[in-house]
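These numbers come from a predicted model, not from an experiment.
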There are 2 protein chains.
Amino acid sequence: MTPKRRADVERNERALLDAAARVFATSGVNATVREVAAAAGVGMGTLYRHFPTRADLMVAVYRHQIDACAEAGPALLAAAESPFAALLDWVHLFVDFLATKHGVATVWKGDAAGYTALHQLFLDRLVPVLAELLDAATKSGEVVADIRPYELIRAVGDLVAWTVQDPGYDVRRIVTLLVTGLRQPQPTRVQSSADER
Amino acid sequence: MTPKRRADVERNERALLDAAARVFATSGVNATVREVAAAAGVGMGTLYRHFPTRADLMVAVYRHQIDACAEAGPALLAAAESPFAALLDWVHLFVDFLATKHGVATVWKGDAAGYTALHQLFLDRLVPVLAELLDAATKSGEVVADIRPYELIRAVGDLVAWTVQDPGYDVRRIVTLLVTGLRQPQPTRVQSSADER
DNA sequence: TGCGAAACGGAGCGGCGCTCCGTATGGTCA
DNA sequence: TGACCATACGGAGCGCCGCTCCGTTTCGCA
């Protein structure tokens, strides 16, 4: 049983989460923690007491939205005209989720310091959903290529990770290309041409 | 006619380039400029006088290697058993180039401050090569999907950009999936299932 | 050998994530 | 209602980063 928290703690944590969501939406997730603390009207010490690292703050801000993305998977599978259609729809939903969070995609991969927790949260929540969709599309014979859910979500996330407002590049087309590529068997890498050189 | 440069200028620039190549290879391209300057045995002022930003240093270090990658394209096209095989081989050569430079892939996309120049160099040198390969493979009927060279190199670069030594993920398989996906026409996005929900 | 232009080096700038300790506040009890 | 104590606070300052700037040094030429 958690001890009862003081009113000011609850109030400040709420203020921080609200401010972070606003600041991340306008300035991107690389906004400084100073900007977040100032927007919340609290001091730096308070921010770090509630969220010991930037990553903790990001996880807290985005947790519910990642959950929503996860829950959309089974719903799409139940409603779509085919498992493959559900798979494609869900992948695009995932793309939309990443792309519309200003800069959140850049923390999709946890190499940068502090982003590992958010990346882990993505995987823990979304890989099982994708597994279910891939499994259904494989059983229906629509997906024949051998690919694991982790590989696919990793690839899609990586493709979206750098999305900026670039009129010359529509990442959704590329994602569709990748996913529809799953419908044909994959070649072994062409080695004979290398041997003949 | 450039004025003759002093001996110490030449010596220091050579030292900086050598040191940067070594430091980038061991510590990654995100190594500090202090580390590079120290490894070269010169001061910070000297480093910045020769290379006004980090990007300038990176461009100088990697220019010749990007050129080599570019020159491999026509050679592969002349030697491969088919234009598509040459395309796939070249794309994998590009992947190898990015993946074996410790961390250089992370600067493939120029969003991060200072990396724009290197990204631009990649595009200026490599997009025309890929264009030639794609054109040949399209004329031979092996590529039917509509994709521009910029889109493809962007996608491949983005897929590789986050590559780490991850035994659970072979980016080359994904790249092969993407490129071989070009051999089938792309579907329009499935809209009817969305309308029926 | 002296001169002057070019090149040097590194302390310090502002900005970042984060720490730490003197001060303030909330909640309970008498 | 006031006192007390544990908890929470805020922001100056830490180390680190990319980069600047100016007093000092060095190179090359006559």
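Among residues two or more places apart in sequence or in another chain, the side chain to side chain donor-acceptor pair (under 3.5 Å) test is passed with B:Asp67 by B:Arg125. Partners of A:Val127 by side chain to side chain contact (heavy atoms under 4.5 Å, CB included), not counting sequence neighbours, listed by chain and number: A:Leu123, A:Pro149, A:Ile153. Contacts of B:Phe51 classified as side chain to side chain contact (heavy atoms under 4.5 Å, CB included), with partners at least two apart in sequence or in another chain: B:Glu13, B:Leu16, B:Leu17, B:Asp56, B:Leu57, B:Ala60. Residues meeting the salt bridge (Lys or Arg N to Asp or Glu O under 4.0 Å) test with A:Asp124, sequence neighbours left out: none. With sequence neighbours left out, the side chain to side chain donor-acceptor pair (under 3.5 Å) criterion links B:Arg14 to B:Asp18. A:Asp8 pairs by the salt bridge (Lys or Arg N to Asp or Glu O under 4.0 Å) definition with A:Arg6, not counting sequence neighbours. Annotation: side chain to side chain donor-acceptor pair (under 3.5 Å) contacts of A:Gln184 (sequence neighbours excluded): none.
Taking every nucleotide of DNA chain C with any atom under 4.0 Å from a non-hydrogen atom of chain A, the first and last of them, 5' to 3', are C:dC16 to C:dG27.
Counting only residues at least two apart or in different chains, salt bridge (charged side-chain N to carboxylate O under 4.0 Å, His left out) contacts with residues 32-42 of chain A are absent. Contacts classified as salt bridge (charged side-chain N to carboxylate O under 4.0 Å, His left out) and involving residues 134-150 of chain B (residues at least two apart or in different chains) are given here: B:Asp135-B:Lys139, B:Arg148-B:Glu151.
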Handout entry: Contact state string [nucleotides 23-30 of chain D, B base, S sugar-phosphate only, - no protein heavy atom under 4.0 Å]
Key = ---BSS--

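Here the P atom of nucleotide D:dA8 and the CD atom of A:Glu10 are 10 Å apart, to the nearest Å.
Applying a 4.0 Å cut-off to non-hydrogen atoms, the residues of residues 40-50 of chain B that approach DNA chain D are B:Met44, B:Gly45, B:Tyr48, listed by residue number.
When each of A:Ala31 and B:Glu13 is assigned the nucleotide of DNA chain C bearing its nearest heavy atom, the one mapping closer to the 5' terminus is B:Glu13.
Residues A:Leu77 and A:Ala136 share a closest heavy-atom pair of CD1-CB, 3.9 Å.
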